[in-house]
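Letters A, B, ... are given to chains in the order of the sequence lines, protein chains preceding strands, and every chain is numbered from 1.
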Number of protein chains: 2
Amino acid sequence: MPAQMPEIPWHKPRKAEPRQPLSRSLIVETAVRVLDAEGLSGVTMRRVAQELGTGPASLYAHVSNKEELLDLVLERVTSEIRMPARPEPGRWKEQITEICFEAQRVLTSHRDVSLVSLGSIPLGESQLAITEFLLDLLLQVGLPPQVAAWALDGLGQLIDTDAYEASVYAERIARGTDIGEYFGQLHSFLLALPADRFPVLQGMADTMLAGGGDERYAFKIEVFLRGLESYLPAGARADRHRPSRHRLDA
Amino acid sequence: MPAQMPEIPWHKPRKAEPRQPLSRSLIVETAVRVLDAEGLSGVTMRRVAQELGTGPASLYAHVSNKEELLDLVLERVTSEIRMPARPEPGRWKEQITEICFEAQRVLTSHRDVSLVSLGSIPLGESQLAITEFLLDLLLQVGLPPQVAAWALDGLGQLIDTDAYEASVYAERIARGTDIGEYFGQLHSFLLALPADRFPVLQGMADTMLAGGGDERYAFKIEVFLRGLESYLPAGARADRHRPSRHRLDA
DNA sequence: TCGACTCGTAGAACAGTGTTCGTCCAAGGA
DNA sequence: TCCTTGGACGAACACTGTTCTACGAGTCGA
C-alpha cells in the first residue's frame, strides 16, 4: 500500500459531515426547534440549515419553499393537539370549549406559530382530523349540515386569531415589556380621550381592559356556541340543550 | 449680473427635486398608493421612497419605523369606513351587520392591508370612533357593560380575520389562479380522503365548500349576534329583540 | 450682514432575507 | 466498467429594514 498522498490544500474536502442524512422530517423537526427557541421570525432557511450544519441551498432538495416548510411545521405542531376519544353530544358545548383551550395551549406553546395558520386552508392530516371530529360532533348534536360546515370555519378562525393575539402578547413580554406598565399606559390613554367625542369609551376604560386572555377567550367561545345553539331544530334543542347559567347573564 | 459659473461636474447638486416637501401625510398617502398597486408585500421603504423621488433614509425623519408607517396606513384606510349617523338600537343586528360589510368592503379594497390590523390593538382615531359607536349601540340595546366590551373584541377579530381571508383569496386570483379550478381541486381532494378515517368530512365535501365569501361572512356575523342576544336581560329582550327568521333555521 | 445652529435630505453601507445557478460527489443501474 | 441521477452546497443575486454620516438650505441672534 503506497503512502497516502497529501490533500491538495486549496482543494478541500467538500463538506465536514451532516450527522444524519438530511430529510424532510429532520428539517421540519429542526425548524420547530428553532421556532421554539427564537420565534417565528427566527425561522429562516439559513438558521435552520446552520442548525443542521449545512447551507440554505441544501434544504431546497427536500422542501420547495419556505412557505411549504412553514406549512409542514404547522401540521407537526397541530398534531400535538390531543383530541377526546369520541364526541359527547350530551355536553357538546363543554367539549368544544375544552378543545378550543387545548388547541390554544398547544399553539401558544410554540411561540407565534399561529400566524402561519391565519389565511391558510387547513388541509394537513391532523388539521383534517380535528375538523372531522368537530363536524361529527356538531352533526350528532342535530345542527343542520350547512350550519355545521360553516360553523367550523368560524370556530377555526376564532381559535387561530385568539392564539395569535395571545402569542403577540407573549412575545411582547418575552421582549421585556412590563405588562403591568403597558396596561397602565393603555388605561390612562383611554382616560385621556376627549370626553366630547368618546364619552362611552372613556367612561368604560376599566371595563374595556378587564379580564385576562383566558376569560375573554372563554367568553368569545361561549357567545359563538350560544349563537350556534339557536340553529338547533326545536326537537334537538329540547333534550340536548340544558341552558347553562353564566355569571354575566341578567 | 455676472455670467453664471458652470457646475463642477463631479460635484453634483445634492438632489433632483422632491416636487412637494416630504411630510408624514404625504408619505402615508404614497404608501397607500403603492399598497393599492402592488399589495402589502410591495410596500417597502425603498419603494415608497422611490415613488417620492428620494431614498429610503429620508423617510425616517418623518416616520420612526416601518411598523409605524403601516399603522398610519391602516388608520388612513380605516378612516374610509363610513359609519351611520347614529345608533339604532331597534335594529341593532341589522346595523352591526351593515357596518361589518362596510368595513370589509373598505379593507378588501386595499389589497391585504388587513394583515396589519391582526394582532395590533386598534388605537387610531377612526378605529376608536368605530369602537365608540359600536359600544354605544350595544349599551343602548341593553347588554351588560362587560358583555358589550368583550363583544367588541370578538367583533373586531371577526372583521379583521374575514377581511384578511378574503384578501388572501383576492391575491390568489390576482396572481392568476383560476378560482374555479382551485375549488375543483379542493373538492376532489376532499372526495379522495380515506373514507374510514374521514367519513363525515368526505361525505360533506359539497356542503363544506358551499357558499361564497359573503354568505359565509354573513353567517358568522349572525351566529355571533345571536349569541350576544342571549346575554340580553329579560326585559330588554322583550322589546328590542324581534326574532328574525333565517332560512337555515329548522 | 454674518456666522452658528438647527433640521430635513440623502448616499453609502451593514447585516440580514429567500431563492437560484452551477458544480461537485457518491450511489445505483446497465 | 461507464453513465446517469439526485442530493449537497458555495457563491451569488436581488432584495429587505435600518443606521451612519455628511451635506444643504433655512432661520435666528448678534
Side-chain angles (χ1 to χ4, degrees), chain A residues 5 7-28 30-31 34-35 37-73 112 115-116 120 171 175, chain B residues 5 7-28 30-31 34-35 37-73 112 115-116 120 171 175:
Chain A
M5 284 292 288
E7 292 284 344
I8 304 170
W10 60 85
H11 184 276
K12 298 200 171 177
R14 213 45 155 75
K15 61 171 190 167
E17 76 281 47
R19 327 292 185 208
Q20 309 179 35
L22 234 43
S23 80
R24 215 174 151 90
S25 64
L26 179 60
I27 290 175
V28 174
T30 311
V34 175
L35 166 69
E38 315 183 12
L40 192 60
S41 69
V43 181
T44 66
M45 301 305 262
R46 278 178 176 76
R47 188 70 190 75
V48 173
Q50 177 196 350
E51 202 74 6
L52 288 164
T54 178
S58 304
L59 306 182
Y60 284 84
H62 305 268
V63 160
S64 63
N65 249 344
K66 190 189 179 186
E67 190 183 332
E68 185 181 309
L69 173 56
L70 289 182
D71 280 348
L72 293 171
V73 165
D112 42 359
L115 183 54
V116 178
S120 78
E171 296 292 312
R175 273 201 207 116
Chain B
M5 284 291 289
E7 292 285 345
I8 303 170
W10 60 85
H11 185 275
K12 298 200 170 178
R14 213 43 157 79
K15 59 171 189 165
E17 75 282 45
R19 328 289 185 209
Q20 308 179 34
L22 235 42
S23 80
R24 214 175 152 90
S25 64
L26 179 61
I27 290 175
V28 174
T30 311
V34 175
L35 166 71
E38 314 184 12
L40 193 60
S41 69
V43 181
T44 66
M45 301 305 263
R46 279 178 175 76
R47 188 71 191 73
V48 173
Q50 177 195 350
E51 203 75 5
L52 288 164
T54 178
S58 304
L59 306 182
Y60 284 84
H62 305 268
V63 158
S64 63
N65 249 344
K66 190 190 179 185
E67 192 184 330
E68 184 181 309
L69 173 57
L70 289 182
D71 280 348
L72 293 172
V73 165
D112 43 359
L115 184 55
V116 178
S120 78
E171 296 291 313
R175 273 201 206 116

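- Look at CG on B:Leu59: it is 12 Å from P on C:dG11, rounded to the nearest Å.
- Judged by distance alone, the side chain of A:Arg46 and the main-chain N or O of A:Pro56 form no donor-acceptor pair under 3.5 Å.
- When the C1' atom of C:dG8 is taken as reference, atom CD1 of B:Ile27 falls 11 Å away, rounded to whole Å.
- For the pair B:Leu52 CG and C:dG8 P, the interatomic distance rounds to 16 Å; values are reported in whole Å.
- Among the protein residues, B:Ser58 comes within range of the nucleic acid bases, having at least one heavy atom under 4.0 Å from a base atom.
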Quick one, give me the B/S/- string for nucleotides 12-17 of chain D, reading 5' to 3', where B means a protein heavy atom under 4.0 Å from the base and S means that only happens at the primed atoms, P, OP1 or OP2.
-> B---BB
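- Residues B:Ile27 and B:Val48 come closest through the heavy atom pair O-CG1, 4.2 Å.
- Atom CD of A:Glu67 is surrounded by 12 or fewer heavy atoms from other residues, nucleotides or ligands within 6.0 Å.
- Of all non-hydrogen atoms in A:Val34 and A:Arg47, the two that sit nearest each other are CG1-CG, 3.7 Å.
- Listed nucleotides: C:dG11, C:dT20, D:dA8. Nearest to the side chain of B:Ala57: C:dG11.
- When all heavy atoms are compared, the tightest approach of A:Ala31 to A:Val73 is CB-CG2, 3.7 Å.
- With rounding to whole Å, A:His62 atom NE2 is found 7 Å from D:dG7 atom P.
- Between A:Leu70 and A:Val116 the shortest heavy-atom distance is O-CG1, 3.8 Å.
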